[in-house]
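Structure first, commentary second.
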Amino acid sequence: MTKELTAEARILISCQKRRRSELAVKTLERIPEETIEQIRTSNDIVDVVSEYVSLKKQGRNYFGLCPFHGEKSPSFSVSPDKQIYHCFGCGSGGNVYSFLMNIEGYTFIEAVSQLAQKTGIELPNAASRTERNGQKDEKKEMAGIHELLSKLYHHLLTKTAHGKQALEYLVKRGFTEDVITRFQIGYAPPAWDTAVSFLQKREQSLLLAEQAGLLAKRQFDGKHFDRFRDRIMFPIHDRNGTVIAFGGRVLGDDEPKYLNSPETKIFQKGKNLYNLHAARPEIRKTQHAVVFEGYVDTIAAYRAGVLNGVATLGTSLTEEQAAVLKRNAQTVTICYDSDRAGVEAAFRASQILEKADCAVKIAQMPDGMDPDDYIQKYGSDKFVTDIIGASMTVMGFKIRYYRRGKNLRDEGERMLYIEEIIKEISALPKAVERDHYLRQIASEFNLSLDALKQQQGQMQRQFKKQQDSSPKNRDNKFKVQTLMQKPLLPKHHNAERMLLAYMLKSAEYAQRIQEELEEGFNLEEHQALAAYLYAFYEEGHAPDIGLFVQRVHDEKLRKIVTELAMLTISDEMSDQAFYDYIKRVSSYPLHVKVQEMESRRKEAERQQDWAGAARIAVEILELKKLL
C-alpha cells in the first residue's frame, strides 16, 4: 500500500500489532506462526465441522443446522474453498480454530494442539513451555494413564492365565476374538495392586490415577489400591478415540454388578456416549443412530450387525448427548430394556430427542429381556428385523406407555387414558399422523371419529396458542424479522459491503479502494475491518480468508468478515460499478450534511426567518452540485 492511512486506521493497526505481540508473548511464543498456519491448512474445515454437524453439499459450499443456536432450516454454511464457516442466522463465523474454540470451549492453544494431533504435527515448543513452567498437562497425563491401563487389561485378558476365566465367560456369551479386539475389552485381576504396581514402574502419577477413579486410598495407612478388581473391563472413549474412563462388569458375585469410572476432568457421563468414536462413520453414512442402555448391549448389537449403536453411561440420556446425536444423525432409535425402568427411561429419552429435533423411533423388547438376552436366544437376524427393523413411532410408543397401570374396563380410567392420548395427538405436526391415530382410537373404543376430531381440534388450538406465546417463539420471530431486513440496507451501507467483499478477494482492489476513498469508510466497523485488511496486505500476505479471519480478534468484525466472504461476487467488477460504489461511500457525508441543513431550513421557516431559510437553501443547492 503506497497511500498514507487515515489516523483511525493507523491507530487500529497499531492496536492490532500490539495485541498480536501480547498474544505472542502469552500464548504463541512457543509455537511458530508458520506451524500454526501449517496445522490450519492441514485440517480441512469440512472434515472437522462434519464431526459435529451433519453437512450436505449445495453448489460449492456445504450446509447444515447451526450448532450454536436452535434452528430447523439449515443456515450454517461451510466453504471448503475459503476454509471458513458462517451462519446466516446467528452470524457466527470463523475458521477451523474458532469453530473448535466455540463448540468445545477450547482456548486457542488447545484448538491448535487438538488439530495438531489429528495431522501428526508435533508441537515440541508447546511441550517445552509446560515443562519450563513446571506444570504438566493433567488432562493429557490422565488420558495417558487410561491408555496404559487399557492396554494392560486387554493383555491380561487375551494373553495371560489371569484372564482365562474371564475370556471363557466372554466366549460363552458370544464374544469373538475380533469383537474383543475391536472394543479393546480387558480384565482386571482380583489382586489389590495390579494397576498400582504397573503405574509405579512406569513412573505415572498415582495421585492423578486416584483422581481419575482408577485407584483408591486406604484410610489406615494411606496406600493406594486398585478400584477395579476381578472385573471385565470395557474402555470408554471420547469422540476422538482417546480412552477417558472404564466400565467394569464383575466376574463373580460381588456388588455392584457394573462399576463405572466417576466423573473426572476428562470424563463427564452426561456428555459422552459409549462407542460413538467407532460408530460415527456408520451413523453419518446412514443418518441413523441406535441408543442402548449399556456397553454390553451395544457390543451384542454390533455382533448382530448393528454397527451404528451407542450407549449412555449409567445415566439417563441428557440434552448434551441428544445434541451430539443430532449433529451426527437425522433418526435415532431407542432400544432399552423392557422392564419398568427401561420403559420410563425410553419415554424420557424420546422427549429429549424430540426436543433436539431428532426423528425418533423406539424398539420394543419382549418382557423380561434386554438386547443381549434376545440376541443370545433368537439370533442376530431376528434382532435386526424384528426389533430394530420393527421400531415404532414415538406416538405408537406413547399409546402403549399411557396404558400401563390403567384398568381400561373402568369408564373413568378409560376416559382419562383417551384424553391423555388425544392431547399427545394434538401435538403432532402432520395432519396425516393425527388422522391415523384418531382413527385408531375411534376404532378401538367404538367412539365417534367426528367427536374425537372436534376435541383434538380444541386441544390443538390451545397447544398452538401456548406455542405462539412462548418466549422461544417470540425470539425466533424477532430473528427472522432481523434477517429479512438485511437486504434493505441503505445504499451507502451496501456499497461499503461490496467494496469490502472485493478487498477480501484481492489486494489490488484493496489498494485501489484505499486510494480512491480519501475519507475512508463511513461505518465504524467497516473502517476497522479495512484497517485490518490494509495491515494484512502490507505484511505481504496474499488473499486468504481463513488466515485473515484468524487475525481479526473482535467477534463482531469476524462475523462481518465471514458473512462478506460468503457473498457470491464475480472475479472482477466493471469500472462503472466500482465508481458507483466509491461515489455512494464518499458522498454519504455530504448527504448527511444536506439532511442536517434541510432540518435547519425547516426550523428557520417555522421561526419565520425567511432570509435565513433562503441562505440555507442556497447552501443546500451548492452542496447538491457536489453529489
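Position 1 is the first residue of the sequence, and the numbers go up from there. This structure is a prediction, so every number in the text was calculated from the model and none was measured.
- Screening N95, N102, N61 for a side-chain hydrogen bond (donor to acceptor under 3.5 Å, both in side chains) with Y85, the sole residue that qualifies is N102.
- Put simply, the side chain of D226 gets close to the backbone of A195: a donor and an acceptor are under 3.5 Å apart.
- Within the 4.5 Å cutoff, no side-chain heavy atoms of Q330 are placed close to those of H288.
- When all heavy atoms of A143 and T242 are compared, the pair lying nearest together is CB-CG2, 3.8 Å.
- Using the six-membered ring where Trp is involved, F234 and F175 have ring planes that are tilted, between 30° and 60° apart.
- In this structure the side chain of M459 never reaches within 4.5 angstrom of the side chain of Q456, judged on heavy atoms.
- Within 6.0 Å of atom CD in Q376, more than 12 heavy atoms from other residues, nucleotides or ligands are found, so the atom counts as buried in its surroundings.
- Surrounding CD of E444 are more than 12 heavy atoms belonging to other residues, nucleotides or ligands, all under 6.0 Å away.
- Aromatic pair F99/Y52: ring centres closer than 6.0 Å.
- Residues D357 and K326 approach most closely at O-NZ, 3.1 Å, considering heavy atoms.
- Using a 30° and 60° split on the angle between ring planes, Y378 and Y374 fall in the tilted class, from 30° to 60°.
- The salt bridge (charged side-chain N to carboxylate O under 4.0 Å, His left out) test applied to E147 returns no partner, not counting sequence neighbours.
- Shortest non-hydrogen contact noted between V243 and P235 is CG1-CB, 4.1 Å.
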Legend entry - Derivation of the side chain to side chain contact (heavy atoms under 4.5 Å, CB included) call for L452 and I418: CA-CA 9 Å; L452 289 177; I418 292 171; 4.3 Å; yes
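- The two residues V53 and R284 come nearest to each other via the heavy atoms O-NH2, 3.1 Å.
- Aromatic rings from Y97 and F108 are positioned such that their centres are separated by under 6.0 Å.
- The heavy-atom pair separating G396 from Y437 by the smallest distance is N-OH, 3.9 Å.
- Screening residues 234-244 for salt bridge (charged side-chain N to carboxylate O under 4.0 Å, His left out), with sequence neighbours left out, gives E104-R239.
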Inset, instruction - Any chance you could lay out the side chain to side chain contact (heavy atoms under 4.5 Å, CB included) test for L317 and I334, step after step, and finish with the verdict? - result: CA-CA 10 Å; L317 186 81; I334 302 168; over 6 Å; no
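- For S391 against K361, the heavy-atom pair with the smallest separation is CB-CB, 3.8 Å.
- Remark: the Q321 side chain and the T312 side chain contain no N/O donor-acceptor pair separated by less than 3.5 Å.
- Ring geometry for F246 against Y153 counts as perpendicular: the plane angle is over 60°, on a 0 to 90° scale with 30° as the lower cut.
- The neighbour count for D381 CG, taken as heavy atoms of other residues, nucleotides or ligands under 6.0 Å away, does not exceed 12.
- Taking 4.5 Å as the limit, some side-chain heavy atom of I425 sits within range of a side-chain heavy atom of M395.
- In this structure, Y302 has its ring center closer than 6.0 angstrom to the ring center of F183.
- Applying the salt bridge (charged side-chain N to carboxylate O under 4.0 Å, His left out) test to R558 and every residue at least two apart in sequence or in another chain returns E555.
- Residue V310 forms a side chain to side chain contact (heavy atoms under 4.5 Å, CB included) with just one option from V324, T298, I283, and that option is I283.
- For the pair C90/F76, no side-chain contact is recorded, criterion being any heavy-atom separation below 4.5 Å from C-beta on.
- No more than 12 heavy-atom neighbours from other residues, nucleotides or ligands sit within 6.0 angstrom of NZ on K271.
- T318 contributes a side-chain N or O that, together with a main-chain N or O of G270, makes up a donor-acceptor pair within less than 3.5 Å.
- The salt bridge (charged side-chain N to carboxylate O under 4.0 Å, His left out) with K406 is formed by just one residue from the set E413, E420, E419; it is E420.
- Between F347 and Q351, the closest side-chain pair of non-hydrogen atoms falls below 4.5 Å.
- Residues F292 and P371 form a side-chain contact, since some pair of their non-hydrogen atoms from C-beta on lies under 4.5 Å apart.
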Inset, instruction - Walk me through it: do M365 and D337 pass the test side chain to side chain contact (heavy atoms under 4.5 Å, CB included)? - result: CA-CA 6 Å; M365 298 298 306; D337 295 355; 5.9 Å; no
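- Other residues, nucleotides and ligands place no more than 12 heavy atoms under 6.0 Å from the CZ atom of R400.
- Ion pair R404/E344 flagged as a salt bridge, since at least one NZ, NE, NH1 or NH2 atom sits closer than 4.0 Å to an Asp/Glu carboxylate oxygen.
- Side-chain contact check for D297 versus C335: every heavy-atom pair is 4.5 Å or farther apart.
- With a 4.5 Å cut-off on side-chain heavy atoms, V306 and N308 count as touching.
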Legend entry - Evaluation steps, side chain to side chain contact (heavy atoms under 4.5 Å, CB included), between L167 and I180: CA-CA 9 Å; L167 186 60; I180 291 171; 3.6 Å; yes
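- Without hydrogens or angle criteria, R327 side chain to P67 main chain gives no donor-acceptor distance under 3.5 Å.
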